[in-house]
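Residue numbers start from 1 in every chain, and the chains themselves are labelled A, B, ... in the order their sequence lines are given, proteins ahead of strands. All values below were derived from every heavy atom in this structure, side-chain atoms included, with hydrogens, water molecules and symmetry-related copies excluded.
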Protein chains: 2
Amino acid sequence: MSGSPQIYRTSTTAPVNIAVIKYWGKRDVALNLPTNSSLSVTLSQKSLRTHTTASCSESFSGPDSLILNGEKEDIESSKRTQACLKSLRSLREQLESKDNSLPKLSKLTLRLVSANNFPTAAGLASSAAGFAALVRAIANLYELPQSPEELSVIARQGSGSACRSLMGGYVAWRAGTNKDGSDSLAEEVAPASHWPEMRALVLVVSAEKKGVPSTAGMQTTVETSTLAPARFNEIVPRRMKEIEKAIHDKDFETFARITMQDSNSFHAICLDSWPPIHYLNDVSRAAMNAVETANRKAGKLVAAYTFDAGPNAVIYYLEEHTHQVAGVFRNILPNTPGWEGEFGDAIGKNEYGSLEQKTFMTLKAGVSRVICTGVGGGPEKIDQHLIDASGNPVPVDS
Amino acid sequence: MSGSPQIYRTSTTAPVNIAVIKYWGKRDVALNLPTNSSLSVTLSQKSLRTHTTASCSESFSGPDSLILNGEKEDIESSKRTQACLKSLRSLREQLESKDNSLPKLSKLTLRLVSANNFPTAAGLASSAAGFAALVRAIANLYELPQSPEELSVIARQGSGSACRSLMGGYVAWRAGTNKDGSDSLAEEVAPASHWPEMRALVLVVSAEKKGVPSTAGMQTTVETSTLAPARFNEIVPRRMKEIEKAIHDKDFETFARITMQDSNSFHAICLDSWPPIHYLNDVSRAAMNAVETANRKAGKLVAAYTFDAGPNAVIYYLEEHTHQVAGVFRNILPNTPGWEGEFGDAIGKNEYGSLEQKTFMTLKAGVSRVICTGVGGGPEKIDQHLIDASGNPVPVDS
């Protein structure tokens, strides 16, 4: 319609990441500054991604809004979202003040629409991909010149681990030392193309009850675990160096050992917290046992488990060991949903897993879904918009 | 029969002890020298005890022998048993060399017969009570003047935790610093009479598979856990002081908190070992949850869980809180064997435990036996012998 104000819009996707050196503990809760550095693998957006469209227009009135998976979110009262929006607007204002020809987008109401391509039932924390997509989409809308590292400082304020989802491949989040968090940012250790053979199989385990939320759990650990200081100050810094070298050298055995040890160390300080925090259950332990069996059978480390703040197992392995690792799980869980798709199609049943019967039965009864994926790239700008040319949200696919 | 050589014999019982500050890690494997001090509660021999008769005679020939629960044990090849026998004989020799009128018992073959009053199925490590009874019985046979502390140095070489079963009540095992282990011994912190109201309820959980044996597990932890040094060097020494004060002050809340924290710390360093060691399972965690629920309901700590190298829960509580603590478990497990006897008779069902259904069902399905007991005294000399006047083993009650 001629004469009506322009609708500015841009869309991006952002990936999920799963840490191999865990983030657990904040030294500053408001700024999401961590007690230690962490490192993750960015997972392919073919399997898991958040898709976000950011738009603004003089025709939009009222407060900024966000629709997530078809539901309106209350971003007014979300300090974390507000911190991200404020930082991005401020960067846009700097551009506008330097170049008078630029439209004053920083003054306009933002409409954001976001959708995940994976069900909430997958039990995966979607906040990392969500905040990464939000920051990346608005940065694109505002045509900000900042690098992914610089934007990661903003995404970090939304959700700590979101900073690692602004890049693909193997990504470190440097804890930093500055009080204002300006050096607490993500850095690419290696792109996905450096070691593209990395695969991940997620075993989604139905928890008997919801675990302690991670922000609350982290604070309990920081305040009460007597073992945690050694982890924060000595153990993780040493492991960060070792695993970065393993990634550079494509040394899967070292990568696998450190990944498993660091997951165990994280759950150890959870158990050492007061009151103790439990995320692993008997199904998680059966997954650990199956990974140990696969490694024993191979005579070397061909698989690595890692667990976040819940019972779900993420199992890393190299493409060449698909049959020895993922094949064992496909044999145990042939009818479990999630084996379809490019990564899953490559996995055939391996009937020779030599698992104990108890492990086999525990996994069979306890895993409700699998996700087959692998290392992937960072956020991608796409042309498919979740807001139409009139500024209205596009109906969500059901 | 006149003219036949005299049969010397003496009998003793010795108790089981359950640590509240855990022993996990040896600084010297041969001598059983620990990486840290520990502290335990000696449990009543009304519920759990080993009964041992030691005898010697010129009429006995051949090597020393031990019959345990009706089965001949191979003590010839047991370095730990041999170390105990050698030390005890050496002390007897010193007496004999000073007083020529004493019979030369140190030169005679020993016959030992031992029996536990609790089934192996109870899943309790019986080596502590076993070695304590063996050492105490032979020390009595030899009429050794050594104190329980001095004898504890000998029992420790049989089984580390055995040194704590030579005394009743609340017993510390001081790690010591001497290379030869001469100062690594047990000391009574307080007798049972100081705080006789302490009760213990053991929930015997059938493990899905046998866990890592403790000696091997301890060494794995010492060699690989990066969190363990903080526990050995800082955390346990601090907790020892705090819990000894709590025992002196009869401060159950502090006693309970440290007991639970130290159990969790021990299992945390197990999980942090490589490969990781798991002793807790979902039934153990349900027991923890039930204890936490009882404490929340009481508005203070009235119960404390602790777990050794297996899934069994030991729950400490004071007599005055029997209904609030043990009563909840009796309500969940009314038909589980073990509620009979003096301690069990005092426990009525408490239907108002407010447990989550899942916790209730997990305990109901996973606990195979209970043991009701409380703090008790040290070894007792008794007249009932397991070796008859002719030197032959008395048939075991079936």
Side-chain angles (χ1 to χ4, degrees), chain A residues 207-209 211 221 224-239 242 256-258 260-286 288-289 291-293 295-296 301 305 307 311 356-359 361-362 366, chain B residues 207-209 211 221 224-239 242 256-258 260-286 288-289 291-293 295-296 301 305 307 311 356-359 361-362 366:
Chain A
E208 53 205 59
K209 57 172 188 171
T221 299
T224 66
S225 168
T226 55
L227 297 173
R231 171 174 168 78
F232 299 155
N233 302 323
E234 297 161 38
I235 298 161
V236 167
R238 196 163 60 230
R239 282 191 186 140
E242 287 173 9
R257 179 179 50 78
I258 296 173
M260 293 188 273
Q261 287 177 332
D262 202 71
S263 174
N264 293 337
S265 166
F266 150 46
H267 292 282
I269 64 168
C270 286
L271 177 54
D272 186 56
S273 302
W274 186 253
I277 302 165
H278 307 282
Y279 292 120
L280 305 178
N281 65 19
D282 283 353
V283 185
S284 314
R285 265 182 304 281
M288 292 171 80
N289 187 254
V291 166
E292 287 170 346
T293 303
N295 287 334
R296 204 160 39 237
L301 300 184
Y305 54 74
F307 298 85
E356 287 170 50
Q357 184 67 6
K358 179 79 188 177
T359 299
M361 297 310 293
T362 302
Chain B
E208 54 205 59
K209 59 172 187 170
T221 299
T224 65
S225 168
T226 55
L227 297 173
R231 169 173 169 79
F232 299 155
N233 303 323
E234 297 161 39
I235 298 160
V236 168
R238 195 164 60 230
R239 282 190 186 140
E242 287 172 9
R257 178 179 50 77
I258 296 173
M260 292 188 275
Q261 287 176 331
D262 202 71
S263 174
N264 294 337
S265 165
F266 150 47
H267 292 282
I269 63 167
C270 286
L271 178 55
D272 186 56
S273 302
W274 185 252
I277 302 166
H278 308 281
Y279 291 120
L280 305 178
N281 65 19
D282 283 353
V283 185
S284 314
R285 265 182 304 280
M288 293 171 78
N289 187 254
V291 165
E292 287 169 346
T293 303
N295 287 334
R296 203 161 40 237
L301 301 184
Y305 54 74
F307 298 85
E356 287 170 49
Q357 185 68 5
K358 179 80 186 174
T359 299
M361 297 310 293
T362 302

*Tell me, for R231(A) versus chain B, whether the close heavy atoms (under 4.5 Å) come from the side chain, the backbone, both or neither.*
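Both parts, backbone and side chain.
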*Nearest 0.5 Å please: distance from the NE2 atom of H278(B) over to the CG atom of L280(A).*
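Output value for this atom pair is 8.0 Å.
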*Between CZ of F266(A) and CG of D272(B), what distance do you get to the nearest 0.5 Å?*
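Answer for the CZ-CG pair, F266(A) versus D272(B), is 13.0 Å.
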*Residue, of R285(B), Q261(B), M288(B), that accumulates the most heavy atom pairs under 4.5 Å with chain A*: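 Among R285(B), Q261(B), M288(B), the one with the most close pairs to chain A is R285(B).
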*asked:* Only pairs of heavy atoms separated by less than 4.5 Å count here; which of S263(B), S265(B), C270(B) has the most with chain A?
replied: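 Going by pairs under 4.5 Å, I would pick S265(B).
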_If we ignore hydrogens and angles and just use 3.5 Å, is the side chain of D282(B) paired with the main-chain N or O of D282(A) as donor and acceptor?_
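Yes, because the side chain of D282(B) sits within donor-acceptor range (under 3.5 Å) of the backbone of D282(A).
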*Which atoms of E234(B) come close to chain A, meaning under 4.5 Å heavy atom to heavy atom: side chain ones, backbone ones, both, or neither?*
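Neither the backbone nor the side chain of E234(B) comes within 4.5 Å of chain A.
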*Go through the steps to decide whether I269(A) and L227(B) satisfy the test side-chain contact (heavy atoms from CB on, under 4.5 Å), and finish with yes or no.*
CA-CA 9 Å; I269(A) 64 168; L227(B) 297 173; 4.1 Å; yes
*Given side chains that start at C-beta, do those of P276(A) and M260(B) come closer than 4.5 Å, heavy atoms only?*
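Sidechains of M260(B) and P276(A): no contact.
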_Any R239(B) side-chain heavy atom under 4.5 Å of T226(A) side chain_ =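 Side chain of R239(B) against side chain of T226(A), heavy atoms only: contact under 4.5 Å found.
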